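These notes are about the structure you will find just below.
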Number of protein chains: 2
Amino acid sequence: MSDAAKQRTARPKREPAAPAADLQRFVNAGRLAAGTAPDALAALGLAQHDVAFLCQLLEEGKSPTARDVREAAEGARAAVARAVGRMAAVLSLARPRQADITPLDVREVIGAALFDLEARLAGFSLSAELGTAPLAMAERGGLLQTLASLLLDAADNSPPRGRIAVTLQTLDGHLVVAIEDEGPAPLSPESLPDREGTPLWLCRNVARSFGGELAVSQGNRGGRRVTLRLRSGR
Amino acid sequence: MSDAAKQRTARPKREPAAPAADLQRFVNAGRLAAGTAPDALAALGLAQHDVAFLCQLLEEGKSPTARDVREAAEGARAAVARAVGRMAAVLSLARPRQADITPLDVREVIGAALFDLEARLAGFSLSAELGTAPLAMAERGGLLQTLASLLLDAADNSPPRGRIAVTLQTLDGHLVVAIEDEGPAPLSPESLPDREGTPLWLCRNVARSFGGELAVSQGNRGGRRVTLRLRSGR
């Protein structure tokens, strides 16, 4: 075996993803599906209506005018595209990702989580203050899912049009992501990571698997503030 | 307070659903979404194709023949209906259900789980031998989700077109549901309910919350056999 080949095989072996990580991606996908499927089904209902209108015109032997057909077809096209977007995001959250711990640009991963949850977060006032920050050591799939889970929690806890704030800071050599909502105070036992079997408990398990840590406190916006501390990749 | 009113308030108080139950319904919804979304997206792709074809004909100023329009519209209608069915099943699994422990017809609950998972189980050879059985004491939502989780496990473990067998028997005054697949043997640690954070571990937590018990063994079909024992409701 060549030295180069030895070096390749000597690379740290990929740990099998913790069961918590598998559970977390399905929980996230299920929560997102539950939060966006009604909207997707409503869109498909519109598509069905438009298409049925076309079918009916034809069954009645009427020659549809170009304008009728165009409007119905365009309506159906937009509605189907809306449903596809929602379903694709669910599928994106559900799929397994590689579980290597590598230096990561946390802003990019926050952006990816916000992208997948776009439809779910549409009804809230979202602010993201992501200062420049060094790379963090983390496992991209687990970090993405943990952020997605915390954002889903924030959406579930928030009143309609409530504010959800995401910040990224460097503190004592660590990167700290904070997610804050206006949800009900005081904190219930279910909202703390010690409560076995909750999404937040899963988050803590997954975060610890790549060297991160999670803390929960009462925030300044009247709701919960969850901070995720990550090791710097420098 | 009247005696009747007292009797009403004296009814056993509804326990808040265990966190495991919430997690389980989202995990099930996410797993079903992951298993059926590709098919639903393919169907929506066909719908988009048909509708785009209609739009194109109109943009080009051509007068579509009735046959072209009819075929494209019928194609889109069938495809959208297919996607709606898959999304509705995901939503059905994701929604919370009342958590009272009551006497239940287990065959009806097995039927409901099979209905929600119809699209996911379509590629397998499914047999259900459900003899007559007394009512069982269980919590319908938790039982439904536990059965759905075990069936999703069986589908994930099975080779294409593999056999999945569901049986219901009465044994020593208990009702026993067994789900067996042809999945890989021997049993991996992940396939046992002791492995914290796995779907089967969630199933055991939820089953115990309504007085059931779960056991796993090597089955006669080369795969895993999971039995769920329920208290008789008599």
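Note that the structure is a prediction, hence the values are computed from the model and not measured. Order of the sequence lines fixes the chain letters, A, B, ..., with proteins taken first and strands second; residue numbering starts at 1 for each chain.
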Residue-level contacts of residues 29-38 of chain B with chain A, using a heavy-atom cutoff under 4.5 Å: B:Ala29, B:Gly30, B:Arg31, B:Ala33, B:Ala34, B:Ala37, B:Pro38
Is A:Arg221 atom CZ crowded by more than 12 heavy atoms from other residues, nucleotides or ligands, each under 6.0 Å away? yes
Does a sphere of radius 6.0 Å around CD in A:Glu108 hold more than 12 heavy atoms from other residues, nucleotides or ligands, not counting ones at 6.0 Å or beyond? yes
Segment of B:Ala79 engaging chain A (4.5 angstrom heavy-atom cut-off): neither
How far apart are the closest heavy atoms of A:Gln48 and B:Ala81, and which atoms are they? NE2-CA, 3.8 Å
Given that the side chain runs from C-beta out, which part of A:Leu91 has a heavy atom under 4.5 Å from chain B: side chain, backbone, both or neither? side chain
Using a 4.5 Å cut-off on heavy atoms from C-beta on, say whether the side chain of B:Glu196 contacts that of A:Glu196. yes
Distance from A:Phe26 atom CZ to B:Leu202 atom CG, nearest 0.5 Å? 12.5 Å
Identify the heavy atoms of A:Val51 and B:Ala76 that sit nearest to each other, and give their distance. CG2-CB, 4.1 Å
Run the side chain to side chain contact (heavy atoms under 4.5 Å, CB included) test against B:Gln145 and tell me which residues pass, sequence neighbours left out. B:Gln24, B:Arg25, B:Asn28, B:Leu93, B:Arg97
Side chains of A:Val90 and B:Val90: does their closest heavy-atom pair fall under 4.5 Å? no
Heavy-atom pairs under 4.5 Å with chain B: which of A:Val84, A:Thr198, A:Asp50 has the most? A:Val84
Kindly indicate whether the side chain of A:Leu23, heavy atoms from C-beta on, has any atom under 4.5 Å from the side chain of B:Leu23. yes
